[in-house]
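Notes follow the structure.
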Amino acid sequence: MAEVVVESTGDDVRFSKIAPFSLKDTLMCGQAFRWQSTGNDVCAYTGVVRGKVLRVRQEGECLILEGPTNEDSVAMTRDYFALDVDLGEIERRLREIDPALGTAIDFAPGIRLLRQDPWEAMVTFIISARNSIPLIRRSVELLAEKYGDPIPEGRNGDACEAYFAFPSPEMLAGADIEGLLQCRTGFKAPYISEAAERIASGEFDLAGVGDLEYAEAKSRLMEFRGIGNKVADCILLFAFGFYGAFPIDVWVTRIMRYFFFDSKKVPLRVISEFAHEKFGDLAGYA
DNA sequence: GCCCAGGTGAAGT
DNA sequence: ACTTCACATGGG
């Protein structure tokens, strides 16, 4: 556990003692899809988290939550960025595991794993299958605009942009396939619809997945159509904090083959087993 | 036109 | 268990 320091600076709240930290890489590495760069010159981003608009920026090694803030938004930020996780210690442990990880950390240090909303992550990563990151971002944004509640900004000055909460399972359960298709969800539209209905009806307890063991949690998620190995691991890693999850996409496949399998073709199952054995409970960070 | 993009489900060996 | 193919959609 790291000892995060939280202090007010005018309207803003500053989180310090969280080094190593890169806000840009944390938000733009592809684990989250609703953040926009809003700083002209400085590192600043605006995003929607759990139905609230959050504005954050990085100063030195510190994370700044821009005001007006309240107890809720401060607690939410701390939780969302998992600031109580000691990333310095994790990066030290990864370096000891393999020199390749040291090279990767030198290239892009300070990438924190976020703790995102499970339902939003579920839909987002269902959409991610056979898709490109810009199009994933667009689909998620379209869903929010079409089905999500508008968020009153409550901030003077820039009332030009509208923000929308990510729609709840209930809201998407009521959507027809045609509407979901208008959000460019393609052949994943029925998967989203089915998932929304199962969760909205109470048949499936999504929040409860966090209380299960990793293997059990993963197989429960994989009962949904549209959720296979990779998407299940993404949800577990980016929403539930299962840091041993190891999502294998095309790029992870390539880099794992390159470093550990002499660039040979290897079944994904073999890569997965290798990663879990070598990286253990830090596989996701690796 | 053709191939690829954060894969997955279904059908066929 | 392993292999093959279709799947919407958009960009290069």
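Chain identifiers are assigned alphabetically (A, B, ...) following the order of the sequence lines, protein sequences preceding nucleic acid strands; residue numbering begins at 1 within each chain.
Put simply, CD1 on A:I133 is 18 Å from P on B:dC4, counting in whole angstrom units. Taking atom CZ of residue A:F125 and atom C1' of nucleotide B:dA5, one finds them 15 Å apart after rounding to whole Å.
A salt bridge does not link A:R198 with A:D205: every distance from a Lys NZ or Arg NE/NH1/NH2 to an Asp or Glu carboxylate oxygen is 4.0 Å or more. Using a cutoff of 4.0 Å between basic side-chain nitrogens and carboxylate oxygens, A:R254 and A:D249 are not scored as salt-bridged.
For residues 210-221 of chain A, the pairs satisfying salt bridge (Lys or Arg N to Asp or Glu O under 4.0 Å) are A:K218-A:D233, A:R220-A:E223, with sequence neighbours left out. Sorted by first and then second residue, the salt bridge (Lys or Arg N to Asp or Glu O under 4.0 Å) pairs involving residues 100-112 of chain A (not counting sequence neighbours) are A:R95-A:D106.
If you chain together ILVMFWY residues whose side-chain heavy atoms come under 4.5 Å of each other, A:V250 ends up grouped with A:W251.
Within 4.0 Å of A:C183, counting heavy atoms only, lies no atom of the nucleic acid at all.
Less than 4.0 Å separates DNA chain B from no heavy atom of any residue of residues 265-282 of chain A.
Below 30°, between 30° and 60°, or above 60°: for A:F260 and A:F279 the angle between ring planes is above 60°, a perpendicular geometry. By the 30° and 60° cut-offs, the orientation of the rings of A:W35 relative to A:F81 is tilted.
Here the side chain of A:T185 pairs no donor or acceptor atom with the backbone of A:K188 at under 3.5 angstrom.
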Under-3.5 Å N/O pairs linking protein and nucleotides 9-11 of chain B:
unit_1 : atom_1 : unit_2 : atom_2 : d
B:dG9  : OP1    : A:F224 : O      : 3.3
B:dG9  : OP1    : A:G226 : N      : 3.0

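Across the P atoms, C:dG11 and B:dT8 are found 24 Å apart, a figure rounded to whole Å.
The number of heavy-atom neighbours closer than 6.0 Å to CZ of A:F261, taken from other residues, nucleotides and ligands shown, is above 12.
Taking 4.0 Å as the cutoff to heavy atoms of chain A, we find the contact window on DNA chain C bounded by C:dC2 to C:dG10.
Comparing A:R130 and A:A232 by the nucleotide of DNA chain B whose heavy atom lies nearest to each, the residue mapping closer to the 5' end is A:R130.
Annotation: the span from A:E89 atom CD to A:R92 atom CZ amounts to 5.0 Å, rounded to 0.5 Å.
Inspection of the A:K146 and A:Q182 side chains reveals an N or O donor paired with an N or O acceptor under 3.5 Å.
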